[in-house]
Amino acid sequence: MSALARLKRRAEFLRVAGSRRKWAAPGLVLQAAPSPDDASGTPRIGFTASRKVGIAVERNRARRRLRAAVAATMPLHAAAGHDYVLIARAETVRRPYADLLGDLETGLKRLGLWR
RNA sequence: CCAGAUGGCCGGAUGGCCGCGCUUCGGCGUCACAGGCGAAGCGAGGAAAGUCCGGGCUCCAUGGAAACACGGUGCCGGCUAACGGCCGGCGGGGGCGACCCCAGGGAAAGUGCCACAGAAACAUACCGCCUAUCGAAGCCUUCGGGCGGCGAGGCAAGGGUGAAAUGGUGCGGUAAGAGCGCACCGCGCUUCCGGCAACGGCGGCGGCAGGGCAAACCCCACCGGGAGCAAGACCAAGUAGGGAUGGCCGGCCUGCCGCAAGGCGAGGCCGGGUGCGUUUCCGCAUCGCCAUCCGGGUCGGUCGCGCGAGGCGCUUGGCGACAAGCGUCCCAGAGGAAUGGCCAUCCCCCGCCGCAAGGCGGGGACAGAACCCGGCUUACAGGCCAUCUGGCAAU
RNA sequence: UGGGGGAUCGUCUAACGGUAGGACAGCGGACUCUGACUCCGCCAGUCUAGGUUCGAAUCCUAGUCCCCCAG
């Protein structure tokens, strides 16, 4: 994930969620917001897997699959100068990988951040 | 072969492409770091889980002790750093058996409880049984007495109630009965023997010496300071050194207010208050104290943090838990948190098609380190090994 | 991650180890021209599994779920 950065603070997640730009797909929920300080910087990604997703094994699996999908797609196609939050759902663990990639791509297109 | 018991073990395998974390090395870069590039090595579990116990480690309290309080454990012996764990025994219960299960000290130290029912739940008599003993109505009489069963009295066998009714069965015995006597069983005490002990065995004595509950209070024995890696240490940055409300002391001196009586935490001293679990003496800290609320700062980094009661193998001792010795290995260290994503082949299971070879499709348990270790408990697809038991068949 | 607390009708809340009670809600009925109020009745529950006890919501053990706290 060399071309991407990570979101780590709770406040950052809340700020992205407060922007209300989101797209819900069967495999994931994508939220996005412009970066506060650097409009042309590298995209920053955050992952969330709540207890609704499942036990710790399933939460870890969901987050890893999302991270793999991001590594395959977003360095090339995500618009710069934005923060993204990916929320795992219960389906994220079982959804076929190709569909998961499709969810992420259509999410980026729907939010107008496809590049 | 079938059914079962116990103990131990495994927890999919191989490869490819793309990635992640840590360590080391190389070169780039830098005054030196940082950073990023490449390579190599390593990278979840038997339960990592629940957080139910025990320790290590860290800080606080530790001053000096005793008593009290509180919490825990509970047959005996051993193992262990320790344990509520483990091993071996004992006792009780279950199973044809291999084997399994048991909080399993004390109820004549004391207190308490035992609802309803029942006469009575710890010391009793409702129904009942009896008339030997004492008194009496009535009846009979050969006038000696007898019958009668009202009262006093005796009894606890039977009925009934209950979870539980003061040893059980049988024989004798008696007015009726009763360990009242005897035999066997049970129980208590005890000589001797075996055992370190729990306990067991043989014998003797005692007629029973006194219901249940201690996962009720309790007694006895033993153990235990408190908090926890968000412990704690260091570096960097940085604000404040507060405010409001309410409640609660005495004496003396000074000061202030007041003409005075007097008042006032403004100050000091003494008593004292508060804290160190409680009490006692002593000691220490703090002088206003206590409660509630408000206000202000940070949300960074490094260490702690991976050689340990360590893993594996062999030998020796021990029934065993385990211990000792020798050899060998280094084996995760993240921090919105790495240990992965995808694909292929093989293995196992299920379904469908097929005579078959095989083909197609689906699935592969429980579950993710967060300071570490020893246990316990709980979850778990499928499989392997060893020993043993019962049954059937054959030899 | 560590520490602490709790679970009783749909909701809130009682119950020395001895029949699980009350309020609200719901349903039915009565009163009323109708509704409200009021009255009567019904519906229902001890988180789960074992154990101790004659008897467990209560005591003990294990599990499940929920809530709170933290430098």
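Proteins come first, then strands; the chains are lettered A, B, ... in the order of their sequence lines, and each starts at number 1.
Searching all strands for a Watson-Crick or G-U wobble partner of C:G55 with both distances below 3.5 Å returns nothing.
Among the protein residues, A:Arg65 comes within range of the sugar-phosphate backbone only, with heavy atoms under 4.0 Å from sugar or phosphate atoms but none that close to a base. Using a 4.0 Å heavy-atom distance criterion, A:Arg59 is classed as making no nucleic acid contact.
Distance from the side chain of A:Tyr97 is smallest for B:C342 among the nucleotides B:C342, B:A338, B:A367. Comparing atom distances between the A:Val57 side chain and each of B:G336, B:G368, B:C342 picks out B:G368 as nearest. Comparing B:C342, B:G368, B:G336 by their closest approach to the side chain of A:Thr48 singles out B:G336.
Rounded to whole angstrom, the span from the CG atom of A:Asn60 across to the C1' atom of B:G21 amounts to 14 Å. Distance A:Leu76 CG to B:C18 P: 16 Å, rounded to the nearest Å. The CZ-P distance, from A:Arg94 to B:G362, rounds to 17 Å in whole Å.
Side-chain nitrogen and oxygen atoms of A:Arg67 include at least one within less than 4.0 Å of the OP1 or OP2 phosphate oxygen of B:U339. Neither OP1 nor OP2 of B:G340 sits under 4.0 Å from any side-chain N or O of A:Arg63. Residue A:Arg61 places no side-chain N or O under 4.0 Å from the OP1 or OP2 atom of B:A367.
A continuous path of ILVMFWY side-chain contacts below 4.5 Å connects A:Phe47 to A:Leu111, so both sit in one hydrophobic cluster.
The gap from the C1' atom of B:G225 to that of B:A367 amounts to 39 Å, rounded to the nearest Å.
For A:Glu91 and A:Arg94, the salt-bridge test passes: some basic side-chain N is under 4.0 Å from an acidic carboxylate O.
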